[in-house]
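Inspection log for the structure reproduced underneath, given as structure tokens.
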Amino acid sequence: MMMQKYIAPYLDAALARVGVELSGEVAFGVPRQEGHGHLSTNVAMMYAKGLGKQPRVFAQELVDALGTVPMVSAIEIAGPGFINITFDNSVYHAMLRDMDAMGDSIGRSTVGSGKSVNVEYVSANPTGPLHAGHGRNCAVGDTIANLFAWNGYAVTREYYFNNAGNQMSKLAESIYARVQHRLGASDYPFPEDGYHGEYIHEIADNIVAQHRSNVEGAAEDEARAFCKKQGELWCFGSIKRTLSALNIHHDEYFNEDSLYHDGKVTATIADLRERGLVYEQDGATWFALTQLGQQQDKVIVKSTGEPTYRLPDIAYHRDKLQRGFDIVVDIFGADHIATIADVLAGVRALGYDTDNVKTVIHQMVTFVENGEIVKFSKRSGKSFTLDELIDEVGADVVRFFFVMRAVGTHLEFDLGLAKEEGDKNPVFYLQYAHARICSILRKAAERDLRVSHDADLSVLTHPREIELIGLISRMQSSIERACENLEPHTVAEYLRDVAAAYHNFYHDCRILGSEPHLEAARLVLADVTRRAMRNGLLLLGVGTPESM
RNA sequence: GCGCCCAUAGCUCAGUUGGAUAGAGCAGCAGCCUUCUAAGCUGCGGGUCGCAGGUUCGAUUCCUGCUGGGCGCGCCA
């Protein structure tokens, strides 16, 4: 039960009585100011003007028409014409009772049931290990996927595996060169724009040690192809291990090269051509994006005959839409911003509705320690990998820090703060609240006290108790909104509020050893809070320690 | 030059879809443990919400224009 849903019918009836025709749902807010009631509505101000009345005068008429409402202790008009509603504590007791009955599904919703969603995230090129900056895409994407799942959607977590194209050839050539060096051709040229990482040596070592016959004496093309495959496998394994450490598991790894094998790339360009959107110039094939309202035409097939990334991307998005998802979500870093409009324009030109393709573009990440920007690993001096970040601060902190800020803002990742295990670190603050509750429940069990689902909750009257109940009662709508707006950080914010409310309650309200009725009721509240915190932490993909 | 994003306390950031006296954390200062985890709690100081207009009962929030910063604008992905 929610306060809004409870009061809305009474208000609708009162509005009808004073002759107002509603043009939508009445909006309620939770006043942040104490003394402004538990719920507030601006409906009188919204409709007063149309009726030619003073807002406060109209508000009074409305309040008169409302009369008395059960479980509401006060209805007051304040400020320019707000109607502030104060509930009887019994409303809170009823809400707590309902939440207790929800078991482990507190905060879940069914708004998405029957609908399917595909969330594509990470999708880093398999040309090396994930670097630290990739962490944001990983955490944001997985949390958004969790949000959909939590709201009842059937979710497919997808990784677009970019295993075709130019960057893979570079990888192959880099490995091939390192292999040649090991086979004695020490003057074999390393490609100018090749990959220099340690892992290239590792892959080459492995090839020479385990698969020497595939590269020695083999035809050069085949040896190169073998190097490419080995490189891809190594990178794929590395990426999957890192993701697994962050508790991220995709359902689908969509291989880019399958688009070529299945003829989808060819089909896509043929269909675009049929619509008159393709032309030849300077030996290349161009996509007439200006005809689709974009700024400039772009090459989709190079004069070498290789497609640019744009063509397979369009084919891929078309494929996702053909698979029949109700919603398709793409998570991209700001550096990919230019491609999205082109790809969507292409898909639209092929006759698909892109209204349900949602793109989340997160801004870049800066790592900071002691006020200085960290760009490279201290250990190796090379690029800072996600594995190293996880080693340094732990997986929970990585996941939490990357989602705790709005995706649209630049993220400053403070390594010093992240490494703190204490009051400075926001993750521990949440986990500590959960651990504290678990500790009390353990102590209660030692005394043969169980959480009783028919405890008399009416003894809960302390402001801290009421505040905590009210906050948890908003969990479901808070998570629904986070999902609808694709804003995972609001979950982190919300949980911080719940944790703070619990710490306050804990501090001011003794649980164990209080008067038996009060003790029983507070145990229920503690346990409901525990389940809410646990669900919230699971949603963010961080651990739920029972002791710290 | 063009496109997208950002600008709020000393620092890092929230701000419930346009509401009432703009909030947290960190940093600083001062307090609270013989009783359920002090990784907690309480208090103090700190603001021209980048600037200028506009929209209206009301703007940190929406619109326009500036200024400053980030990311893009390739026959790389």
Side-chain angles (χ1 to χ4, degrees), chain A residues 27-33 35-36 40 42 45 48-49 54-55 78-82 84 123-125 127 162 165-168 170 193 256 282-286 294-296 298-310 312-313 333-341 361-364 366 368 371 404-414 416-417 420-429 431-433 435-444 474 477-478 481 485 489-490 492-494 496-497 499-500 502-504 506-514 519 522 526 547-548:
Chain A
F28 292 96
V30 179
R32 48 166 99 91
Q33 199 67 34
H36 288 163
S40 166
N42 60 359
M45 289 182 283
K49 196 184 181 188
Q54 298 270 345
F82 291 102
N84 294 334
S123 297
N125 291 343
T127 53
N162 234 294
N166 197 33
Q167 81 285 351
M168 290 305 285
K170 268 194 236 170
D193 49 357
E256 183 191 0
D282 304 330
T285 305
W286 293 72
Q294 299 301 114
Q295 289 204 323
Q296 46 186 315
K298 297 275 171 64
V299 170
I300 44 171
V301 182
K302 299 183 243 177
S303 52
T304 58
E306 291 173 84
T308 64
Y309 69 90
R310 243 172 288 267
D313 271 10
D335 51 343
H336 282 242
I337 198 154
T339 78
I340 295 159
I361 296 154
H362 63 264
Q363 298 299 311
M364 301 284 102
T366 309
V368 177
M404 73 180 181
R405 304 302 187 201
V407 293
T409 61
H410 291 244
L411 176 63
E412 187 157 304
F413 195 116
D414 187 333
L417 180 62
E420 292 273 356
E421 290 194 9
D423 53 352
K424 292 173 188 158
N425 189 314
V427 198
F428 292 120
Y429 184 79
Q431 294 180 321
Y432 185 57
R436 263 185 153 181
I437 302 171
C438 291
S439 171
I440 285 178
L441 295 174
R442 275 194 302 273
K443 282 240 159 56
R474 277 175 244 137
S477 58
S478 172
R481 204 158 45 87
N485 297 336
H489 77 283
T490 58
E493 293 284 333
Y494 171 77
R496 201 190 49 77
D497 288 345
Y502 180 77
H503 286 309
N504 279 321
Y506 177 92
H507 187 264
D508 291 350
C509 303
R510 176 83 199 177
I511 300 172
L512 299 179
S514 315
E519 182 180 61
R522 285 178 174 169
S547 64
M548 288 173 73

Please determine whether a side-chain nitrogen or oxygen atom of [X] lies at a distance below 4.0 Å from atom OP1 or OP2 of [N].
{"X": "Lys298(A)", "N": "C73(B)", "result": "no"}
{"X": "Lys443(A)", "N": "U37(B)", "result": "yes"}
{"X": "Tyr506(A)", "N": "U42(B)", "result": "no"}
{"X": "Asn166(A)", "N": "C75(B)", "result": "no"}
{"X": "His489(A)", "N": "G15(B)", "result": "yes"}
{"X": "Tyr502(A)", "N": "G40(B)", "result": "no"}

Item to check | Protein-nucleotide distance (Glu306(A), atom CD; A77(B), atom P), rounded to Å | outcome: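 The answer, rounded to whole Å, is 8 Å.
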Checklist entry - Between U21(B) atom P and His36(A) atom NE2, what is the distance in whole Å? => result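 Rounding to the nearest Å, NE2 of His36(A) and P of U21(B) are 8 Å apart.
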Next on the checklist: If you count every heavy atom of other residues, nucleotides or ligands that lies below 6.0 Å from Gln54(A) atom CD, does the total exceed 12?
Outcome noted: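 Open: at most 12 neighbouring heavy atoms sit under 6.0 Å from CD of Gln54(A).
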Item to check | Whole-Å P distance, G74(B) and G23(B) | outcome: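 Going atom to atom, P in each nucleotide, I get 47 Å.
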Checklist entry - Could you write out RNA chain B as a dot-bracket string, with dots for unpaired bases, | for bases paired across to another strand, and Watson-Crick or G-U pairs counted at under 3.5 Å? => result (((((((..((((.....[...)))).(((((.......))))).....(((((..]....))))))))))))....
Using a 4.0 Å heavy-atom cut-off across all strands, classify [X] as base, sugar-phosphate, or nothing.
{"X": "Ala78(A)", "value": "base"}
{"X": "Ser547(A)", "value": "base"}
{"X": "Gln54(A)", "value": "nothing"}

Measure from the side-chain heavy atoms of [X] and tell me the nearest of [options].
{"X": "Arg405(A)", "options": "G19(B), U42(B), A14(B)", "answer": "A14(B)"}
{"X": "Ala435(A)", "options": "U37(B), C36(B), G15(B)", "answer": "U37(B)"}
{"X": "Ile440(A)", "options": "C36(B), A14(B), G70(B)", "answer": "C36(B)"}
{"X": "Arg436(A)", "options": "A77(B), A14(B), G40(B)", "answer": "G40(B)"}
{"X": "Gln167(A)", "options": "A24(B), A77(B), G40(B)", "answer": "A77(B)"}

Item to check | Aro-ring/base stack Phe82(A)-A20(B), d under 5.5 Å, angle under 30° | outcome: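 It does: the two rings, one from Phe82(A) and one from A20(B), meet the stacking criterion.
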Pairs under 3.5 angstrom, nitrogen or oxygen only, protein versus nucleotides 58-60 of chain B, please.
none

Item to check | Any donor-acceptor N/O pair under 3.5 Å between A39(B) base and Tyr432(A) side chain | outcome: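 Side chain to base: no pair below 3.5 Å.
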Next on the checklist: Regarding A7(B), can its base be found pairing with the side chain of Thr409(A) as donor and acceptor, where the two atoms are less than 3.5 Å apart?
Outcome noted: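 Under the 3.5 Å cut-off, the side chain and the base do not form any donor-acceptor pair.
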Item to check | Sequence-distant partners of Met548(A), side chain to side chain contact (heavy atoms under 4.5 Å, CB included), two or more places apart | outcome: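 Counting only residues at least two positions away or on another chain, Met548(A) forms a side chain to side chain contact (heavy atoms under 4.5 Å, CB included) with Phe428(A), Gln431(A), Tyr432(A), Ala435(A), Pro545(A).
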Checklist entry - With syn defined as a glycosidic torsion within 90 degrees of 0 and anti otherwise, which applies to U12(B)? => result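 You should classify U12(B) as anti.
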Next on the checklist: Quick check on C33(B): syn or anti? Syn means the glycosidic torsion is within 90 degrees of zero.
Outcome noted: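 Syn, which is what one calls it when the glycosidic angle falls within 90° of 0.
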